[in-house]
Every structure is written in structure tokens, then in C-alpha cells.
J.: 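Starting off with a structure, shown below.
Note that the structure is a prediction, hence the values are computed from the model and not measured.
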Amino acid sequence: WHKPYAAVLIGVGNLGSALLGYHGFTGINFIGAFDTDKAKIGQSIHGVPVHDWAQFASFAAKKKIDIVVLATPSEVAQKTADAVVQCPVRAIWNFTRAKLHVPAHVALQREDLSAGLAELCAKIKHNQQQ
């Protein structure tokens, strides 16, 4: 935590944009974002430049990327992860519903927002029964 990890976001939709704007991440520094939407490419979201996904590999070859934050649609998440692991990245933080398969040298963390909501609902139900 003393030195932030360099991160990029892939998927600048609603969730991705919110993640870029969240200032509570003390352990990462977003150095770029990637998307396929031509309307987003070239824009800056919360001060982070959005690049064309097609240029990810060349960007990754030039920059040291520690963490890729994945916020793509679930149906393209594995294909995107397959492309990401071909580049020198150390970890993927997966915010999609997809259960990704990556090589052992890439650390993987899945954040399941649906599971968090289910747990919260169970706590509400438990509290109502007391």
C-alpha cells in the first residue's frame, strides 16, 4: 500500500466510469482506460484518458501495468481476459459476472456484486426476525 499499483480499466460503461471516479482506492493508480465505443475513445473520464481497445497490446508493451480492472459485458469478459494475459500484466480484478480462467502467473480477484447484495438481503431478513 505504500506504492500504488499501475492499473487500467477495460470497459468504460456505467460501472467502469464509477470505478474510475471512486477516490477510495489507495492501492491503485489508473493510467488509462480502454473501450470499443467510438464515442468514449479520446475522452477523459474522471481525469483518465480512454483509449481504443484495439491499442491495448501496444499500450501494455510500453507501460508497466500491474492490474487490469475488467468491467466489460460478461459475454466478452473471457475473450478480453485471454487478450490481456498475452500482455505483461500481473493481475485482473474482475467486476463481471463471468468466472474467468487465466494462467497461474496472473493473479485474479472476482468481485461479485450480486453475492454482496444477496448477503445484505439475508442480513435484513435476519434482523427482521429478531
Side-chain angles (χ1 to χ4, degrees):
W1 296 114
H2 297 291
K3 176 183 164 269
Y5 290 102
V8 298
L9 172 85
I10 301 174
V12 189
N14 292 332
L15 177 58
S17 294
L19 292 170
L20 288 175
Y22 180 65
H23 297 291
F25 296 136
T26 57
I28 62 175
N29 176 38
F30 284 107
I31 61 172
F34 292 85
D35 206 288
T36 58
D37 184 345
K38 302 272 187 244
K40 294 176 185 171
I41 296 166
Q43 301 295 316
S44 180
I45 308 293
H46 298 289
V48 179
V50 180
H51 306 279
D52 189 333
W53 163 245
Q55 297 180 353
F56 175 78
S58 63
F59 183 93
K62 296 174 192 167
K63 305 282 186 178
K64 180 179 180 264
I65 300 173
D66 297 305
I67 301 171
V68 168
V69 178
L70 192 60
T72 64
S74 295
E75 48 277 0
V76 298
Q78 185 63 58
K79 181 180 175 183
T80 304
D82 291 344
V84 165
V85 300
Q86 298 303 311
C87 300
V89 302
R90 298 174 62 191
I92 297 175
W93 194 6
N94 179 18
F95 281 85
T96 75
R97 292 187 322 267
K99 293 184 180 180
L100 301 178
H101 302 281
V102 299
H105 73 275
V106 177
L108 177 65
Q109 175 65 38
R110 182 170 180 248
E111 296 301 330
D112 188 342
L113 300 177
S114 297
L117 176 59
E119 187 176 334
L120 180 62
C121 291
K123 288 176 182 179
I124 292 170
K125 185 176 181 180
H126 175 75
N127 287 349
Q128 288 175 337
Q129 292 173 352
Q130 290 183 350

J.: Applying a strict under-4.5 Å side-chain criterion to I, L, V, M, F, W and Y, I'd like to know whether Leu19 and Val48 cluster together.
T.: yes
J.: If I compare all heavy atoms of Ala57 with all of Cys87, which pair ends up nearest, and what's the gap?
T.: CA-SG, 3.8 Å
J.: Quick one: which of Asp35, Ile41, Ile10 gives a side chain to side chain contact (heavy atoms under 4.5 Å, CB included) with Trp53?
T.: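 Only match with Trp53 under side chain to side chain contact (heavy atoms under 4.5 Å, CB included): Ile10.
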J.: Which heavy-atom pair separates Arg110 from Lys99 by the least distance, and what is that distance?
T.: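 So the two residues come closest at NH1-CE, 3.9 Å.
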J.: Would you indicate whether the side-chain heavy atoms of Arg90 and Tyr5 approach each other to under 4.5 Å?
T.: yes
J.: Which heavy atom of Thr96 sits nearest a heavy atom of Ser74, and at what distance?
T.: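 Taking Thr96 first and Ser74 second, the nearest heavy atoms are CB-OG, 3.8 Å.
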J.: Are there more than 12 heavy atoms of other residues, nucleotides or ligands under 6.0 Å from atom CG of Asn14?
T.: no
J.: What is the distance from atom CG of Leu9 to atom CD1 of Ile67, rounded to the nearest 0.5 Å?
T.: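 Output value for this atom pair is 12.0 Å.
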J.: Side chain to side chain donor-acceptor pair (under 3.5 Å) between Asp82 and Gln86: does it pass, once the steps are laid out?
T.: CA-CA 7 Å; Asp82 291 344; Gln86 298 303 311; over 6 Å; no
J.: Atom CZ in Arg97, atom CD in Glu75: separation rounded to 0.5 Å?
T.: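 Spacing of CZ (Arg97) from CD (Glu75) equals 7.0 Å.
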J.: I want to know whether Trp93 and Phe25 have ring centres closer than 6.0 Å.
T.: yes
J.: Once rounded to the nearest 0.5 Å, what's the spacing between atom CD of Gln43 and atom CD1 of Ile45?
T.: 6.5 Å
J.: Atom CG of Leu15 and atom CZ of Phe95: how far apart are they, to the nearest 0.5 Å?
T.: 6.5 Å
J.: Do Leu113 and Leu117 sit in the same hydrophobic cluster, where Ile, Leu, Val, Met, Phe, Trp and Tyr count as joined when their side-chain heavy atoms come under 4.5 Å apart?
T.: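 No, Leu113 and Leu117 fall in different hydrophobic clusters.
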J.: Side-chain contact test, heavy atoms from C-beta onward, threshold under 4.5 Å: evaluate it for Phe56 versus Val8 and give yes or no.
T.: yes
J.: Is any side-chain heavy atom of Leu70 closer than 4.5 Å to one of Leu100?
T.: yes
J.: So how far is it from Lys64 NZ to Ile31 CD1, rounded to the nearest 0.5 Å?
T.: 9.5 Å
J.: What is the distance from atom NZ of Lys40 to atom CZ of Phe34, rounded to the nearest 0.5 Å?
T.: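 Answer rounded to 0.5 Å: 15.0 Å.
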J.: Mind checking whether Val85 and Ile92 have side chains closer than 4.5 Å, heavy atoms only?
T.: yes
J.: Would the distance check show the side chain of Asp66 and the main-chain N or O of Ala7 forming a donor-acceptor pair, the cut-off being under 3.5 Å?
T.: no
